[in-house]
Amino acid sequence: MSSIFLPYLQSIEPDTQFTFNLPLIKSSTGKRYYAKVGSPGEKDQYVGEAESLRAIYKAAPGLAPRLLASGTAGDHAQSGAGNPFFLSEYIDLGGLTVQTADLLGERLAKELHTFKSTEGFGFSVPTYCGATRQDNGWFSTWEECFSTMLKNLLQKLPSERRYAELLHKGEEVRSRVVPWLLQPLVIEPVLLHGDLWGLIGKLVSRSFLIPSSYYGHNEADLAIARMFGGIPDSFFAVYHKHMPKTEPVQQYSLRGDLYELYHYLNHTVLFGGGYASSALQKMNKLLRACPQ
């Protein structure tokens, strides 16, 4: 594995010794790097993560590690069918405190969520939220983009009897709730982390973040941060001090429910179990609130 990364490292730090203990690489100067190599079947996942990091680093330097190299290696590298690899700076994100949560809220509002796309809503390559592939592409409206994201998740659910109601009401949410809540919004596509709980969780564990970025409505990035607790209320207060809630403000909570539904559906795809009932509860709440 060291042969993949050594040329890149030596171009960054010539005449330096490196110790490999993947995913961590240490240099004799004290610098640290994050590196990993995947199987050929993981190529799209590596590309999605790399492109997400490139975009986040451009929008908010230091919020994500700087990507140093990515590509494919091995006997079939020239055809693009080799093993994907990834090399970046290593950032010790530290522990989650009220102060770091507030700083994160401010940086999301002032930097990441002001970085706009000129292509529309979506993203240039597929990304992965956990192990779930998000096909992405570009859309002219947020309504179309988010509806397609929900559709892709619903299509990943097994066509089993236990998911019948979830699949039926999921389509009803797409046809009724999504236009009702998202069509009136006057917004521009801004860069999202895509799995903000992943980032928050990594802040807790002092590890690394794995984004699944796309350009969308900024409020969608906040939804998963509310789902599992552990995040100070001040994070949201600081965020909205710098980034006001989108009009109509009276539908802010319902939009949050809709965006949370996406992640409950994704967790149902990944883990099944009780997440399906949580997703169904969100659907029922949204459908009750939506005018007939």
Side-chain angles (χ1 to χ4, degrees), residues 1-39 42-73 77 82-97 99-115 123-130 190-215 221:
M1 296 298 182
S2 61
S3 62
I4 297 174
F5 301 109
L6 200 54
Y8 298 102
L9 295 167
Q10 288 175 334
S11 69
I12 298 167
E13 293 191 78
D15 304 317
T16 303
Q17 300 297 313
F18 298 93
T19 303
F20 291 80
N21 186 18
L22 296 186
L24 185 63
I25 301 173
K26 295 181 180 180
S27 79
S28 55
T29 65
K31 289 185 178 179
R32 294 187 292 176
Y33 302 89
Y34 181 90
K36 59 181 181 178
V37 180
S39 65
E42 294 176 305
K43 179 184 174 182
D44 284 354
Q45 194 163 350
Y46 274 63
V47 170
E49 184 177 344
E51 292 304 315
S52 294
L53 284 180
R54 280 195 180 97
I56 293 174
Y57 188 84
K58 185 176 181 180
L63 189 61
R66 182 164 59 98
L67 184 70
L68 302 173
S70 65
T72 54
N83 296 86
F85 68 87
F86 179 102
L87 176 68
S88 76
E89 297 174 327
Y90 178 91
I91 295 181
D92 187 345
L93 293 170
L96 181 66
T97 65
Q99 290 74 23
T100 57
D102 291 356
L103 178 59
L104 177 61
E106 181 176 352
R107 294 203 67 190
L108 285 176
K110 294 171 69 174
E111 297 175 64
L112 193 68
H113 290 170
T114 60
F115 191 79
F123 205 61
S124 58
V125 298
T127 51
Y128 286 74
C129 191
V190 298
L191 184 61
L192 309 185
H193 179 277
D195 187 9
L196 193 56
W197 175 252
L199 173 56
I200 297 292
K202 301 303 184 293
L203 282 165
V204 175
S205 65
R206 305 176 68 86
S207 184
F208 197 71
L209 66 105
I210 301 177
S212 54
S213 291
Y214 62 96
Y215 291 88
D221 232 3

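Just so it is clear, the structure is predicted and the values come from calculations on it, not from any experiment.
Residues Ile4 and Leu87 are not in side-chain contact: their nearest non-hydrogen atoms beyond the backbone lie 4.5 Å or more apart. Considering only heavy atoms from C-beta on, Phe123 comes within 4.5 Å of Ser52 through its side chain. Leu191 has its side chain within reach of Ser213: a pair of non-hydrogen atoms, C-beta onward, lies under 4.5 Å apart. Taking 4.5 Å as the limit, some side-chain heavy atom of Leu67 sits within range of a side-chain heavy atom of Phe86. Inter-residue side-chain proximity for Leu63 and Leu104 is flagged as met; some heavy-atom pair is nearer than 4.5 Å. Taking the side chain as every heavy atom from C-beta outward, Phe5 and Phe20 approach each other to under 4.5 Å.
To the nearest 0.5 Å, the span separating CD on Gln10 from OG on Ser27 amounts to 12.0 Å. Atom CZ in Phe18 sits 5.0 Å away from atom CD in Glu13 (nearest 0.5 Å). For the atom pair CD1 of Ile12 and CG of Leu68, the computed distance is 4.5 Å after rounding to the nearest 0.5 Å. The structure places NE2 of His193 at 9.5 Å from NE2 of His113, a figure rounded to the nearest 0.5 Å. A distance of 10.0 Å separates CD in Glu49 from OG in Ser70, rounded to the nearest 0.5 Å.
Taking every heavy atom of both residues into account, Ala55 and Tyr215 meet most closely at CB-OH, 4.3 Å. A pairwise comparison of heavy atoms in Ala64 and Ile56 identifies CB-CG2, 3.4 Å as the closest pair. What you find for Ala35 and Ile25 is that their closest heavy atoms are CB-CD1, 3.6 Å. Heavy atoms only, all atoms of each residue included: Pro211 and Leu53 are closest at CG-CD2, 3.8 Å. Residues Tyr34 and Glu89 approach most closely at CB-O, 4.0 Å, considering heavy atoms. Scanning all heavy atoms of the two residues, the minimum distance from Gly194 to Tyr214 falls at CA-CE2, 4.3 Å.
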* Asked: Given Arg107 and Leu112, is the side chain to side chain contact (heavy atoms under 4.5 Å, CB included) satisfied, shown in steps?
  -> CA-CA 7 Å; Arg107 294 203 67 190; Leu112 193 68; over 6 Å; no

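Both tests hold for Lys36 against Tyr46: distance to the six-membered ring centre under 6.0 Å, angle to the ring axis within 45°.
Using a distance-only test at 3.5 Å, with no hydrogens or angles considered, no donor-acceptor pair links the side chain of Gln45 to the main chain of Glu42. Proximity of a side-chain donor or acceptor of Ser11 to a complementary backbone N or O of Leu9 within less than 3.5 Å is not detected.
Residues forming a ring pair (Phe, Tyr, Trp, His ring centres under 6.0 Å) with Tyr8 (at least two apart in sequence, or on another chain): Phe85.
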